[in-house]
Amino acid sequence: MKKILLAICIVFTVVSCNNDYLETPSLTQIAEGNFWQSEADAFLALNGVYSTLQSRSMYGGNLNGWQGFPGFDNLGDNAFNQYKWEGPGIFMEGTYDPTRGQFTAVWNDLYRGIARVNAVIKNVNEISEDLVPLESKEALLGQSYFLRALFYFNLAVYYEDAPLITEPQTLENAYVAKNTYSEITEQIREDLKFAIKSLPVSHPDDLYGYATKGAALGLFARVQLYNKQYDGEFGVLALTEEALGLGYSLHPNYAALFTQANETSPEIVFSIRFLRGADTNNGEIFSGTYAGTPKIDQRPMPNLVKDYYCTDGLPITSSPLYNAADQRLNRDPRALATIYFKGDQYFDDPVRIFPGNGPTGYGMRKYIRTGPDAEGNGSASDSSQDFYVIRYADILLMRAEAMAETGDVTGATALVNQVRARVGMPSVESAEGSVGQAQMIQIVRHERRVELALEGLRFMDLKRWGTVEDAFNRAISDGASGYNPQYLGKRSEIFPIPQVEIDVNPNLKQHPAYL
């Protein structure tokens, strides 16, 4: 199956790229007056929106540079950003301020994507149906509204109040004030309603990677779960029910899912596509590692590792199967697929064994390369691993959480059992017995942690549960060498607006936590 190349395309409004964002490198910039003359032009502009998702500060990630979303489990209690200067480390230690550049890059990339998608929406709406048929317009707009919702949801989670811009800007209207979190969220909901109506269930193989109806349903469910909107026509329960009928399924091998060989598994609902190549500019580095140690800037924390149960479904504090001398024995298979333990082989060429060193004593395994690729490119260089933004297991657990929160313990139990069964872990009934609503909520939260660990979702889970401070305390208690997290209230739950933006825009005000 072909791998989509997200060519670096338009700068705000126009730059030429390939028709299906599949197989071509960036081309030269062209004048706006000569653009928007055909359906092909419209798809080139759409590809330019997708290309922003590949930036290092979004989903491309880093090994020795400012962190993007793949590294955001370093925010909270799942992992330690050992290269603290990359962003999450200094954020956790409370030394980050608006003048620093790490999260400025996140802000800039999100608004770059928003500027590009607003240009697509405006021009697709205006272009003649003689040039772009109505059916194609609908498809283009469905993709565009999905992407704008994705950009704005990340802004809402990490910055909360921010400018809401829904049309191309000119110099005359460039200095905009902040909108409220509620206003941004309402726009996200409207965009996703349109996307759900307009997007197909699937695309031809050569268009794999474009957003689908399932992607829009999954993102909408994530937005609504974050805002505790469980019931109603567009509540989590209704959205996930529709997604469950679209043909997704859990991949049979959890560990193998996070490899290039299984990037098009029926479990993947939406991913950011990458392909390293001499004639392309869309490789990733989030899967990179140095040969001398597992991924050095994302070290799993001891409290995360301890949270994986033994194979009898019991915590390590109560299971007779737990062996402190070899923590790998009799553990949830997801622990072994996510974490490198002392004695694990983490590199294949040359063979290297993890001695259990480093500030936390553990290494990151999920997604991470184990040596040079087939062409001999080093493990620390660009590669072609897709990053999974939404997968079916997450949809099942979002639905389970909504059921637990609304009192449907039986329904939530069945979904947790389905996720556990994929890795051979015991059911709720056999491990926890008969449970009530409060316990079921905690079971779902635990299941989300061990199923989705190191996939960049932990911080938004902690925020919506109101448990960020608890996570900081767990990180503090781990006592990782050289790591001094401190909880500073709202300042530890939101990124500042970059000071450079405040300096040039008199209408833009900083979040009170950073004043």
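Annotation for Leu46 and Ser144: closest pair CD1-OG, 3.9 Å, computed over non-hydrogen atoms. The shortest heavy-atom contact between Ser198 and Glu138 is OG-OE2, 3.2 Å. Closest non-hydrogen pair, Ile272 versus Phe270, comes out as CD1-CE2, 3.8 Å. Heavy atoms only, all atoms of each residue included: Ala79 and Gln298 are closest at CB-CG, 3.8 Å. Considering all non-hydrogen atoms of both residues, Leu462 and Ala471 come closest at CD1-CB, 3.6 Å. Nearest heavy atom pair, residue Arg100 against residue Thr104, reads O-OG1, 3.1 Å.
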Problem - Step-by-step side chain to side chain contact (heavy atoms under 4.5 Å, CB included) determination, Glu263 to Gln385 - result: CA-CA 8 Å; Glu263 291 171 333; Gln385 172 67 53; 3.8 Å; yes
Exercise for the section: Dump the intermediate steps for ring-ring contact (aromatic ring centres under 6.0 Å, His included) on Phe153 and Tyr226, then the final yes or no. Expected result: CA-CA 10 Å; Phe153 182 56; Tyr226 190 81; 5.8 Å; yes
Exercise for the section: Report the C-alpha separation of Arg365 and Lys295 in whole Å, then their side-chain angles, then the decisive distance to 0.1 Å, and conclude whether the side chain to side chain contact (heavy atoms under 4.5 Å, CB included) test is met. Expected result: CA-CA 8 Å; Arg365 187 173 201 152; Lys295 186 172 175 65; over 6 Å; no
Problem - side chain to side chain contact (heavy atoms under 4.5 Å, CB included) assessment of Trp36 paired with Val124 - result: CA-CA 8 Å; Trp36 300 106; Val124 167; 4.1 Å; yes
Handout entry: Test log, rule side chain to side chain contact (heavy atoms under 4.5 Å, CB included), inputs Val49 and Gln143
Key = CA-CA 10 Å; Val49 181; Gln143 297 285 329; over 6 Å; no
Practice task
Evaluate the criterion ring-ring contact (aromatic ring centres under 6.0 Å, His included) for residue pair Phe103 and Tyr159; output intermediate values, then yes/no.
Solution key: CA-CA 10 Å; Phe103 298 128; Tyr159 297 91; 7.9 Å; no
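A donor-acceptor pair under 3.5 Å is formed between the side chain of Tyr254 and the backbone N or O of Glu451. Checking side-chain atoms of Asp394 against main-chain N and O of Ile390 turns up no donor-acceptor pair under 3.5 Å. Under the 3.5 Å distance criterion, the side-chain polar atoms of Asn118 are left unmatched by any main-chain donor or acceptor of Pro168. Side chain of Asn62 to main chain of Gly68: no donor-acceptor pair is present (N/O by atom type, distance under 3.5 Å, no hydrogens or angles). Checked by atom type and distance alone, the side chain of Asn173 pairs as donor or acceptor with a backbone atom of Thr170 at under 3.5 Å. Checked by atom type and distance alone, the side chain of Tyr514 pairs as donor or acceptor with a backbone atom of Arg491 at under 3.5 Å. Using modelled atom types, no side-chain atom of Asp191 and backbone atom of Phe146 make a donor-acceptor pair closer than 3.5 Å. Counting only distance, with no hydrogens or angles, the side chain of Arg399 and the backbone of Leu237 share a donor-acceptor pair below 3.5 Å. The main-chain N or O of Gly48 is never found under 3.5 Å from a side-chain atom of Thr52 such that the two would form a donor-acceptor pair. Between the side chain of Lys137 and the main chain of Ile127, a donor-acceptor pair closer than 3.5 Å is present.
Under the 6.0 Å cut-off for aromatic ring centres, Phe286 and Phe69 do not qualify, their centroids lying 6.0 Å or more apart.
Of the options Glu86, Gln102, Arg56, a side chain to side chain donor-acceptor pair (under 3.5 Å) to Gln67 is made by Glu86 and by none of the others.
Residues His511 and Lys490 have side chains in contact (heavy-atom distance under 4.5 Å, counting atoms from C-beta outward). With a 4.5 Å cut-off on side-chain heavy atoms, Leu63 and Asp297 count as touching. No side-chain heavy atom of Leu147 sits less than 4.5 Å from a side-chain heavy atom of Val120. Contact annotation: the side chain of Asn74 never approaches that of Met92 to less than 4.5 Å [non-hydrogen atoms, C-beta and beyond]. Taking 4.5 Å as the limit, some side-chain heavy atom of Trp85 sits within range of a side-chain heavy atom of Asn64. A heavy-atom distance below 4.5 Å is found between the side chains of Gln224 and Arg189. Side-chain atoms of Glu405 and Val236, non-hydrogen and from C-beta on, never get closer than 4.5 Å to each other. Taking 4.5 Å as the limit, every side-chain heavy atom of Ser384 sits out of range of all side-chain heavy atoms of Glu284.
Remark: Glu167 CD is loosely packed, at most 12 non-hydrogen atoms of other residues, nucleotides or ligands lying under 6.0 Å away.
Here the CD-CZ distance, from Glu267 to Arg422, works out to 4.0 Å after rounding to the nearest 0.5 Å. Tyr388 OH to Asn262 CG: the interatomic distance, rounded to the nearest 0.5 Å, is 6.5 Å. With values rounded to the nearest 0.5 angstrom, Leu53 atom CG is found 12.0 Å from Asn282 atom CG. Going from atom CZ of Arg273 over to atom CD of Gln54 covers 10.5 Å, rounded to the nearest 0.5 Å. Remark: Arg445 CZ to Trp465 CH2 distance equals 6.0 Å, nearest 0.5 Å. Here the CD-CG distance, from Glu186 to Asn179, works out to 12.5 Å after rounding to the nearest 0.5 Å.
Between Tyr111 and Trp107, the two ring planes are tilted [angle within 30° to 60°]. Ring orientation note: the planes of Phe459 and Phe91 are nearly perpendicular, at an angle over 60° on the 30°/60° scale. In this structure, Phe495 and Tyr158 have parallel ring planes: the angle between them is below the 30° cut-off, well short of the 60° mark.
Remark: the Ser287 side chain and the Arg369 side chain contain an N/O donor-acceptor pair separated by less than 3.5 Å. Remark: the Ser55 side chain and the Arg112 side chain contain no N/O donor-acceptor pair separated by less than 3.5 Å. No hydrogens or angles considered: a donor-acceptor pair under 3.5 Å links the side chains of Asn47 and Tyr210.
Under the 4.0 Å criterion applied to side-chain N and carboxylate O atoms, Lys366 and Glu455 are assigned as salt-bridge partners. The pair Arg449-Asp77 meets the salt-bridge criterion, since a charged nitrogen lies less than 4.0 angstrom from a carboxylate oxygen. The pair Arg222-Glu401 does not count as a salt bridge, with every side-chain nitrogen at least 4.0 angstrom from each carboxylate oxygen.
Residue pairs meeting the side-chain hydrogen bond (donor to acceptor under 3.5 Å, both in side chains) criterion with at least one partner in residues 88-97, sequence neighbours excluded, are Lys84-Glu93, Asp97-Thr99.
Scored by the side-chain contact (heavy atoms from CB on, under 4.5 Å) test, Asp161 finds Lys178, Thr180, Tyr181 as partners (sequence neighbours excluded). Under the side chain to side chain donor-acceptor pair (under 3.5 Å) criterion, Tyr230 pairs with no residue at all, not counting sequence neighbours.
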